Amino acid sequence: MHRACRKLLLATALLLSSIVCASADDSAVIDRWYSALLIADRSELSELLADDVRMKLDDIGVVQDKQEFLASIDEWQGAVAGATIRHRIEKSEHGETTVLACYDFPENDTLMRETFTVVGGRITASTQTAIAQDCSAY
C-alpha cells in the first residue's frame, strides 16, 4: 500500500515538474518573441515560428501563415521605430499562454491581448486582439 502511494506521489511530482518546466520554456519563447518583434528581427522571428503557424489578427480579420507574416516585417519595422513593447503573462494553461501587451508607439499606444500556443519551443498559433486604444489599464 505504501509503495503504491509513493509511486503515485512520485508520478504526480514528475508531472507537475514537467508542466512547470514547459510553462517556463513558453515564457522564455514569448520573451524572445517580443524582443525580436520590437527590433523587427526577421531571422529570430522566423526561428520562433513553426512552419505551419497561424497568426490571427482579430481586429482586421486577417490570418497569416509564416511566409505572409515575415513578408510584413518590412512595413512593421517602420511602424515600430522608436516604440516600446511591454508585456506580461496573464495566464498559461493547457498549452496556451495569454499575454497583455502594451505597444507604445511614438504617436499613440494600444493595449492588446495576445494568445500563443507554443509546442517544442516554437509558436504554432497566435491570436491578437486590441482591448484598448491606450495602455492605461496595463
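Index from 1, following the sequence. Since the model is a prediction, treat every value here as computed from it, not as a measurement.
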Criterion side chain to side chain contact (heavy atoms under 4.5 Å, CB included) on Val29 and Leu48, from CA distance to verdict: CA-CA 7 Å; Val29 168; Leu48 289 167; 4.0 Å; yes
Do [X] and [Y] come close enough that some side-chain heavy atom pair is under 4.5 Å?
| X | Y | value |
| --- | --- | --- |
| Arg32 | Glu44 | yes |
| Ile30 | Thr97 | yes |
| Val99 | Thr115 | no |
| Asp31 | Ser27 | yes |

Atom [atom1] in [X], atom [atom2] in [Y]: separation rounded to 0.5 Å?
| X | Y | atom1 | atom2 | answer |
| --- | --- | --- | --- | --- |
| Met112 | Ile131 | CE | CD1 | 8.5 Å |
| Leu57 | Gln64 | CG | CD | 5.0 Å |
| Thr98 | Lys91 | OG1 | NZ | 5.0 Å |
| Asp26 | Ser92 | CG | OG | 5.5 Å |
| Glu114 | Thr127 | CD | OG1 | 9.5 Å |
| Thr110 | Ile85 | OG1 | CD1 | 11.0 Å |

Nearest non-hydrogen partners of [X] and [Y], listed with the distance:
| X | Y | answer |
| --- | --- | --- |
| Leu38 | Thr84 | CD1-CA, 3.9 Å |
| Arg122 | Leu49 | NH2-O, 2.9 Å |
| Val53 | Met55 | CG2-SD, 3.7 Å |
| Val80 | Phe105 | CA-CE2, 4.2 Å |
| Val63 | Glu68 | O-OE1, 3.8 Å |

Is the number of heavy atoms from other residues, nucleotides or ligands within 6.0 Å of CD (Glu93) greater than 12?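 Result for CD/Glu93: enclosed.
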Check: [Y] main-chain N/O paired with [X] side-chain donor or acceptor under 3.5 Å:
| X | Y | answer |
| --- | --- | --- |
| Asp109 | Cys135 | yes |
| Arg88 | Tyr138 | yes |
| Arg42 | Leu70 | yes |
| Thr124 | Thr117 | yes |
| Asp104 | Ala83 | no |
| Lys66 | Ser46 | yes |
| Arg113 | Leu100 | no |

What is the ring orientation for Tyr34 with Phe116, classed by angle as parallel under 30°, tilted 30 to 60°, or perpendicular over 60°? perpendicular
Asp41 vs Ser43, test: side chain to side chain donor-acceptor pair (under 3.5 Å). Steps then yes/no. CA-CA 6 Å; Asp41 183 339; Ser43 176; 4.6 Å; no
Which residues satisfy the ring-ring contact (aromatic ring centres under 6.0 Å, His included) test with Phe69, sequence neighbours excluded?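 In terms of ring-ring contact (aromatic ring centres under 6.0 Å, His included), with neighbours along the sequence ignored, Phe69 is linked to Trp33.
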